Amino acid sequence: GAGVSQSPSNKVTEKGKDVELRCDPISGHTALYWYRQSLGQGLEFLIYFQGNSAPDKSGLPSDRFSAERTGGSVSTLTIQRTQQEDSAVYLCASSLASGQGRQPQHFGDGTRLSIL
Amino acid sequence: GDSVTQMEGPVTLSEEAFLTINCTYTATGYPSLFWYVQYPGEGLQLLLKATKADDKGSNKGFEATYRKETTSFHLEKGSVQVSDSAVYFCALIDSGSARQLTFGSGTQLTVLP
């Protein structure tokens, strides 16, 4: 379909392993966001990409988390040396150029990450 | 910083009952306000939005009015259906440089037949 696509939908891994989560935004959307949804913390912002500008990384919880966006389209969120507290649903969203927040963000179905 | 406070759940209603989910916010600038809905097993979907004071957002029978004087954006529906059972999130984007959504904690709604 034409929505935001995330993969994998579920990921189970052992503590200490690295994981990569992928997001394919809606075609033409220049803004891309990563959020985390967990039981204890609710929905938290992680990182924001807008066009070719430097990303806003202010929400990343530690230096184990990083993200990149290649060619202004697909994004990968990487978590190194995973910990059990990283278990959560990771949501990706995209929108047209932000314009003072008047452009709505469209979300993917998320990747459910479980750290054993 | 910015914050959103939502009515604590869960909320259980009978079909055709009136729904109100309260939402108030704190923002340093002049925010845009949103309600998102998450159906079981699915991602977040935008339900409605309002970008300036006194705007009313509406969709699928749901309504919310941007009240600057009370910093509120309460969600209402006159007659709920079983299919409205979901988690509802109030959210804002501030008018400053930040572009990310700040979410409330979510309200679980269950509608019984």
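What you see is a predicted model, and the numbers here were worked out from it, not measured in a lab. Within every chain, numbering begins at 1; the chains are lettered A, B, ... in the order of the sequence lines, protein sequences first and strands thereafter.
Contacts between residues 101-110 of chain B and chain A, defined by a heavy-atom separation under 4.5 Å, are made by B/Leu101, B/Phe103.
Listed by first and then second residue, the ring-ring contact (aromatic ring centres under 6.0 Å, His included) pairs involving residues 39-61 of chain B amount to none (not counting sequence neighbours).
One side chain, B/Gln38 or A/Gln37, offers a donor N or O that lies under 3.5 Å from an acceptor on the other.
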**Study point:** Derivation and outcome, side-chain contact (heavy atoms from CB on, under 4.5 Å), residues B/Leu46 and A/His106
**Key:** CA-CA 7 Å; B/Leu46 177 66; A/His106 300 268; 5.7 Å; no
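The line from CD of A/Gln105 to NZ of B/Lys49 is 11.0 Å long, rounded to the nearest 0.5 Å. Between the CG atom in A/Leu46 and the CD atom in B/Gln100 there is a gap of 10.0 Å [rounded to 0.5 Å].
By the rule that hydrophobic residues join a cluster once side-chain heavy atoms approach within less than 4.5 Å of another member, A/Tyr33 and A/Tyr90 end up as members of separate clusters. One hydrophobic cluster, built from ILVMFWY side chains closer than 4.5 Å, cannot hold both A/Ile79 and A/Leu91; they sit in different ones. Hydrophobic clustering of Ile, Leu, Val, Met, Phe, Trp and Tyr side chains at less than 4.5 Å, counting indirect connections, keeps A/Phe45 apart from A/Phe65. B/Tyr66 and B/Leu75 fall within the same hydrophobic cluster, defined by Ile, Leu, Val, Met, Phe, Trp and Tyr side-chain heavy atoms under 4.5 Å apart, directly or through other members. Placement of B/Phe62 and B/Tyr25 within a single hydrophobic cluster is found when ILVMFWY residues are connected by side-chain heavy-atom separations under 4.5 Å, directly or transitively.
Counting only distance, with no hydrogens or angles, the side chain of A/Asp109 and the backbone of B/Gly43 share a donor-acceptor pair below 3.5 Å.
With a 4.5 Å cut-off on non-hydrogen atoms, A/Leu43 touches chain B through its backbone and its side chain both.
Residue-environment remark: CD (B/Glu69) exceeds the threshold of 12 foreign heavy atoms within 6.0 Å. The environment of A/Leu39 atom CG is sparse: at most 12 non-hydrogen atoms of other residues, nucleotides or ligands sit within 6.0 angstrom.
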